[in-house]
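In the text below, chain A, chain B and the rest are named by the order of the sequence lines, each starting its count at 1. Because the structure is predicted, anything quoted here is derived from the model rather than measured.
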Amino acid sequence: MSDLLYSEIEEELRSSVRDLLTDHCPPSAVLAGCESREPYDLALWRSLAAELGAAGLQVPEEYGGAGASLRETAVVMEELGRSVAPVPFLGSAVLATTALLACPASDLLPALAEGARTAVLAVPLSTAPGAAFPSGVRADGNGALTGRLTSVADALTADVLLVPAVDADGPGLYAVEASATGLGVVRRTSLDLTRPLADVTLEGVPARKLAGADTAPAALERALLTGAGLLASEQLGIAEWCLGTTVAYLKERKQFGRALGSFQAIKHRLADLWLETVGARAAARYAADALAGESPDAALAVAVAQAHCGALAVRAAEECVQLHGGIGMTWEHPAHLYLKRAKADQIALGTPGHHRNALAGLVDLPGPVD
Amino acid sequence: MSDLLYSEIEEELRSSVRDLLTDHCPPSAVLAGCESREPYDLALWRSLAAELGAAGLQVPEEYGGAGASLRETAVVMEELGRSVAPVPFLGSAVLATTALLACPASDLLPALAEGARTAVLAVPLSTAPGAAFPSGVRADGNGALTGRLTSVADALTADVLLVPAVDADGPGLYAVEASATGLGVVRRTSLDLTRPLADVTLEGVPARKLAGADTAPAALERALLTGAGLLASEQLGIAEWCLGTTVAYLKERKQFGRALGSFQAIKHRLADLWLETVGARAAARYAADALAGESPDAALAVAVAQAHCGALAVRAAEECVQLHGGIGMTWEHPAHLYLKRAKADQIALGTPGHHRNALAGLVDLPGPVD
Amino acid sequence: MSEMDIRTVVRAFLAEHDPATTDRLDFLRARFDAGLAWVHFPVGLGGLGAPRALQAEVDAELAAAGAPDNDPRRIGIGLGMAAPTILRFGTEEQKSRFLRPLWTGEEVWCQLFSEPGAGSDLAALGTRAVRDGDGWVVDGQKVWTSSAHTARWAILIARTDPDVPKHRGITYFICDMTDPGIEVRPLRQITGEAEFNEVFLTGVRIPDAHRLGAVGEGWQVAQTTLNNERVAIGGQAIPREGGMVGVVADTWRRRPELRTHELHQRLLKAWLEAEVARLTGERLRQQLTVGQPGPEGAAMKLAFARLAQELSGLEVELLGEEGLAYDDWTMTRPEIVDFNGREAGYRYLRAKGNSIEGGTSEILRNIIAERVLGLPAEPRTDKDLPWKELAR
Amino acid sequence: MSEMDIRTVVRAFLAEHDPATTDRLDFLRARFDAGLAWVHFPVGLGGLGAPRALQAEVDAELAAAGAPDNDPRRIGIGLGMAAPTILRFGTEEQKSRFLRPLWTGEEVWCQLFSEPGAGSDLAALGTRAVRDGDGWVVDGQKVWTSSAHTARWAILIARTDPDVPKHRGITYFICDMTDPGIEVRPLRQITGEAEFNEVFLTGVRIPDAHRLGAVGEGWQVAQTTLNNERVAIGGQAIPREGGMVGVVADTWRRRPELRTHELHQRLLKAWLEAEVARLTGERLRQQLTVGQPGPEGAAMKLAFARLAQELSGLEVELLGEEGLAYDDWTMTRPEIVDFNGREAGYRYLRAKGNSIEGGTSEILRNIIAERVLGLPAEPRTDKDLPWKELAR
């Protein structure tokens with residue numbers, strides 16, 4: 001059986017990340033950031049990436065990374081979820097970095113690993129593992145890209161876009177510099193205030209081919225599967241914040257002459273939520289461990305973790321709003337930041353329903369023959 | 001909009017039936033009856049049918065019935081559900097009588113209407129409206145039947161069996177006397193202790209044809225739809241008994257120095273259950289009214305009522321067992337009679353899932369194209 | 001009075017007041033004076049003392065004739081809460097003064113009940129009203145007040161006696177929203193808009209003639225308001241697929257490419273629940289064609305909130321990539337909540353409030369358990385303590 | 001001690017005791033004496049003072065060698081509840097006397113805790129134990145006692161002081177089930193069988209040497225028993241698709257004609273929950289490889305009960321017409337509960353008990369809320385009252 005606990009090193013990493021976020025990313029700052037024109041806190045990103053080395057955890061030392069694994073990366077995701085931190089970690093350190101690690105060309109890795117640059121895998125955030133290779137962008141004979149990609153997370157501030165495109169040889173993965181001529185990156189109004197989306201248009205944009213038909217589809221799939229698996233850790237972090245914040249509030253808030261948290265109906269709901277959160281921790285840990293070890297069980301572990309954690313984070317955030325009563329409906333209370341992130345995460349990289357359905361194939365529980 | 005209330009006449013009928021059942025069919029008597037060799041309380045049946053005229057409510061006066069409607073029949077079903085009464089009402093007064101009313105031959109009706117004889121529609125209790133015409137029994141050129149039908153409710157004491165069979169002209173409905181040679185009616189051990197099932201075997205059994213290819217399928221379908229719709233009233237009765245009994249127990253039973261019913265988690269669950277029960281009453285009434293008026297909305301009304309009430313009765317019975325604690329798990333407490341009836345009713349005449357799925361076609365909400 | 005009779009009355013009214021040529025406000029005032037505003041109200045107060053059920057007939061006849069309505073969504077608090085309370089507890093003078101402009105929409109009403117420290121436990125409220133000559137002086141803070149910025153009048157509950165247990169020291173007032181002591185601040189919600197307000201009351205003067213009910217009996221008066229609010233929120237007659245379910249069903253039909261078996265099962269389940277809730281409401285209305293609403297109204301509000309949340313959450317998932325978008329975060333101050341005028345993300349967020357506003361779903365379950373099922377109350381320590389000694 | 005070390009010990013033991021030629025009971029006794037019964041117990045009491053996690057290694061090695069086991073399902077109460085309590089609170093004499101025949105299965109144990117009037121509120125129990133010379137005399141009624149008819153010994157809690165609050169007047173005993181004052185009556189359940197018993201105690205004599213823990217401290221002792229019970233019920237290591245989910249998945253695979261989309265979605269959901277529960281349990285075991293079980297055990301029992309009920313209900317529906325049947329209503333007195341040896345209807349009914357026996361799911365949620373989440377207790381009126389003055 002896998003190790004479902006956290007190692008001492010992982011706990012130390014968690015504690016450093018949490019300290020950083022507590023200092024630089026309190027809810028008030030996140031909320032203020034949402035209303036500014038700057039979608040991300042790039043100072044925070046630099047601290048996270050450069051000082052703590054979080055961006056390069058899964059990158060081997062030979063490419064300037066920490067040579068740790070996806071287990072440690074998952075710990076960072078947990079903490080970022082707990083703070084709904086506005087940093088491009090999922091896009092750059094998880095999706096793009098994983099894709100690059102599976103490509104023959106590796107020269108982009110060092111800059112990403114040290115956080116000097118950020119990259120993004122240019123697919124809609126809602127793309128699930130197992131999706132067909134995107135056909136919305138075509139590459140001409142010179143490797144210039146034309147086409148459109150919508151709802152790309154973390155693209156607004158990315159220095160490099162990794163664009164799946166189809167050329168004469170079939171599917172390929174191309175690198176496009178953010179400064180390239182003919183590239184348009186337009187912000188969308190997104191439900192999740194803390195992870196903005198952008199639409200990307202390419203009109204004959206010069207690009208460099210990173211992987212061809214033999215490796216590009218596998219690199220994309222590995223990135224999506226890894227993203228989905230690690231998103232479960234982010235969702236765990238969201239759920240834990242929501243549960244913890246709600247419990248703390250209900251211990252304090254008095255109605256009818258006693259703490260609201262002493263009412264049994266509230267207690268039982270929170271006990272159930274706690275139980276699901278404990279389950280989420282086990283499932284998310286298992287997914288991270290299976291991905292880190294490239295276990296044959298990884299696809300199943302990811303499906304289980306996403307299906308469970310994706311639904312849980314939403315439920316936890318919804319309970320957080322509800323049990324805060326009116327105050328939870330106000331813009332000034334941070335609960336909504338978590339609700340919006342949780343709801344968007346539910347769609348990101350495959351809905352819980354999608355992942356549950358994937359189980360049918362993975363564990364031989366086929367549906368009816370219509 | 002339909003009349004979803006109970007008329008004064010309906011309330012009087014309810015009150016007569018309830019009085020009879022309170023006197024002759026307390027839970028202790030039902031439990032004792034289950035352990036005897038007599039599957040039904042035929043004395044009770046005679047009082048119900050002969051004295052109150054309950055068996056012939058939907059039968060026109062010209063055939064010896066009360067000339068009332070399925071609305072009143074539904075009220076009887078509610079009360080029988082509330083008492084898990086061991087009488088062949090569903091089989092004889094609902095399914096068989098409805099089928100006969102849709103057949104050209106009507107000579108069997110008077111005896112059924114006055115309760116002098118009982119009949120049964122010989123199909124598995126799990127048959128849902130919309131099912132294909134059964135092909136398990138064949139009629140030869142002389143109208144003799146051969147074949148097998150399983151899990152028929154109320155067949156053990158029936159005087160006449162209405163058997164769907166296929167002959168040279170196609171589907172037909174045949175009447176078979178219980179005393180006929182070659183007929184075997186064998187009791188099964190059933191989950192529901194108060195509505196026994198039997199398997200029926202026919203080996204060249206003489207039979208009389210009641211309806212041919214032009215009317216038999218419609219008669220069968222009308223019977224199944226009506227049975228499903230009125231079963232919702234039985235399920236409502238079950239749910240109301242379970243809710244009422246549980247509430248009464250929790251007002252009395254003290255733990256931790258106070259009535260269990262004063263604990264908020266329990267209260268909230270019962271409030272939710274009450275809300276679903278109120279919904280069941282509206283849905284069951286609507287189905288009975290739509291069937292009584294042969295409304296074009298009847299199929300939809302039945303699907304809604306069955307899908308809701310079928311699930312509710314089980315939930316109410318399960319909550320009844322759980323909230324009675326250990327005592328609810330004992331054979332001597334009547335809760336299990338309701339649990340078993342509710343669970344069997346959930347399968348009878350189509351599961352809630354089946355009926356919910358029927359909505360897809362009825363209200364134009366088609367599933368995905370695989 | 002029968003349906004036939006009422007139709008005759010409406011036609012006679014229409015013969016004298018042609019909607020095509022009569023000024024809107026004149027038409028509404030005349031309709032009120034003819035007793036066709038709310039037929040179950042008494043004669044002289046906009047009604048005919050007729051069965052409530054006949055109102056639907058009146059509305060339909062008038063709508064068919066192209067008559068203007070009083071834009072009920074804009075004045076929902078007046079119609080749904082203030083009016084039934086004034087009718088039941090108001091003096092003759094109050095009824096004559098307030099009901100007509102309330103119904104015609106000339107005067108908008110709002111409700112000053114909730115406070116930051118008194119939400120579910122509304123009876124714990126701390127806004128003080130102190131006797132001063134032939135009137136009262138009010139100081140305190142209210143919250144979750146919709147329409148406060150457009151309202152002419154408010155229904156207000158305030159504490160007039162802090163020395164008795166909380167339910168007994170409350171008095172119910174009609175408050176003039178133009179009083180200089182009133183400050184209204186928009187309260188931004190998670191949807192981005194500010195549908196509600198915070199209201200600060202500083203030395204607000206209310207004449208004793210604007211008291212509704214006896215001094216110290218405001219809690220009983222407020223029960224009428226709250227029961228009517230719940231009926232107003234959860235108890236409207238709706239056609240099949242009315243409300244949120246229709247929006248989702250429509251998307252489902254138009255967009256076959258979005259369908260999955262998982263979503264299909266959830267949609268069928270929600271559709272079923274919506275239809276059962278609709279039938280439940282219909283049955284309740286058949287039972288309540290006359291009489292005051294009871295605790296059953298709470299049940300409909302509970303069902304409505306659950307459905308709105310389930311369906312709006314489902315809708316966002318169904319839309320997939322499109323569900324990641326939001327239409328507009330700009331802070332606006334809408335006069336009307338229109339779930340259908342905005343996109344899925346808005347509906348999802350706004351529906352979260354349905355289980356909080358007008359009584360949380362938790363409080364409604366308490367009400368059902370205790371008042372309908374008769375389950376015993378929880379041990380209470382706050383009921384007999386003077387308000388000023390309560391734990392906060 | 002490492003896995004390697006323990007394997008060496010087991011092999012040395014097997015070299016001296018060939019399972020093929022050694023009498024079963026002799027083998028088990030020898031295994032106990034070699035410290036291979038429960039390796040985390042102290043040396044001399046069936047253990048080696050080794051980490052609990054190594055037990056799996058020992059069991060696997062012995063099983064591979066064809067060794068007999070102690071039929072743990074038959075003696076579950078002894079192993080899961082009596083043993084850890086005796087180990088923690090027993091005197092040296094009690095440990096030496098009771099643990100060996102308990103483990104080998106020579107002496108079966110049962111538990112005399114619940115009473116008709118004290119279920120969830122176990123501390124309200126009324127069975128009296130009165131001091132009499134160097135012993136005690138016990139009178140009362142217990143219920144829900146499995147194995148009472150086969151048991152040699154019972155763990156018993158009884159009231160020794162009615163004048164103090166209920167938690168403080170309880171004492172914990174070891175009770176001889178062959179005492180003539182004990183009458184055991186089978187208690188038939190909704191499944192038809194009588195897995196449990198009612199036990200009537202009339203003038204039962206217990207020597208003071210069979211008291212476990214101090215007089216009046218029985219409640220604290222019982223907590224150890226109950227926490228261990230919950231771990232025993234909900235905390236076993238299970239393979240993927242172990243338990244009820246495997247039964248249903250198997251039927252699903254074998255019977256394609258029964259499948260519908262509705263059932264498919266429910267099955268996938270339940271399968272997912274079962275896998276998450278399995279991982280949760282595994283993570284808990286990794287955390288608890290040493291140390292006493294805490295309230296987390298309650299969580300696993302809660303999850304297990306919910307799953308068993310969901311899946312067994314689903315199975316009956318999946319079977320359709322076959323789900324209407326039952327295998328056998330004959331009243332039997334099984335020694336072992338075997339969910340898999342019976343048919344779907346039995347599993348459905350028996351699983352209803354999973355959320356009641358060993359602490360109802362309601363009580364477990366209270367425990368999680370208060371002991372894990374630290375939410376405040378409800379106002380209690382019964383905690384400080386003398387037991388004899390409690391409302392019943």
Any chance CD1 of Ile9(B) has more than 12 other-residue heavy atoms, nucleotides or ligands included, within less than 6.0 Å?
no
Tell me whether Lys269(C) at atom NZ has more than 12 heavy atoms from other residues, nucleotides or ligands lying less than 6.0 Å away.
no
Between Arg253(C), Glu273(C), Glu362(C), Arg283(C), which has the largest tally of heavy atom pairs under 4.5 Å with chain B?
Arg283(C)
Which pair of heavy atoms, one from Glu275(C) and one from Val304(B), lies closest together, and at what distance?
CG-CG2, 3.9 Å
Look only at the side chain of Arg259(C) and the backbone of Val369(B), and say whether a donor-acceptor pair between them is shorter than 3.5 Å.
no
Chain B interface, residue from Thr280(C), Leu267(C), Leu263(C) that has the most non-hydrogen pairs under 4.5 Å:
Thr280(C)
Side chain, backbone, both or neither: which part of Pro352(B) has an atom under 4.5 Å from a heavy atom of chain C?
neither
Among residues 255-270 of chain B, residues within the sub-4.5 Å heavy-atom range of chain C, in order of number, are Arg258(B), Ala259(B), Gly261(B), Ser262(B), Gln264(B), Lys267(B), His268(B), Leu270(B)
What one should report as the nearest heavy-atom pair of Ala249(C) and Leu365(B) is CB-CD2, 3.9 Å
Hey, which of Asp272(B), Val247(B), Leu243(B), Leu250(B) has the most heavy atom pairs under 4.5 Å with chain C?
Asp272(B)
Is there a donor-acceptor pair closer than 3.5 Å between any side-chain N or O of His264(C) and the backbone N or O of Ala360(B)?
no
Step through the shown structure and confirm whether more than 12 heavy atoms of other residues, nucleotides or ligands are within 6.0 Å of CD on Glu8(B).
no
Got a second to check how far Thr277(B)'s OG1 is from Leu373(C)'s CG, nearest 0.5 Å?
9.0 Å
Heavy-atom nearest pair, Lys251(B) first then Gly374(C), reads CE-O, 3.1 Å
Has the side chain of Trp252(C) got a donor or acceptor atom that lies under 3.5 Å from a matching backbone atom of Pro366(B)?
yes
Counting heavy-atom pairs under 4.5 angstrom with chain B, the leader among Leu302(C), Leu258(C), Leu272(C) is Leu272(C)
From the list Gln287(C), Gln286(C), Arg285(C), side-chain contact (heavy atoms from CB on, under 4.5 Å) with Leu4(B) holds only for Gln286(C)
Indicate yes or no: does Arg240(C) engage Asp297(B) in a salt bridge with an N to O separation below 4.0 Å.
yes
Would you say Asp19(B) has more than 12 foreign heavy atoms packed within less than 6.0 Å of its CG?
yes
Which residue out of Glu370(C), Arg365(C), Arg306(C) racks up the most heavy-atom pairs below 4.5 Å with chain B?
Arg365(C)
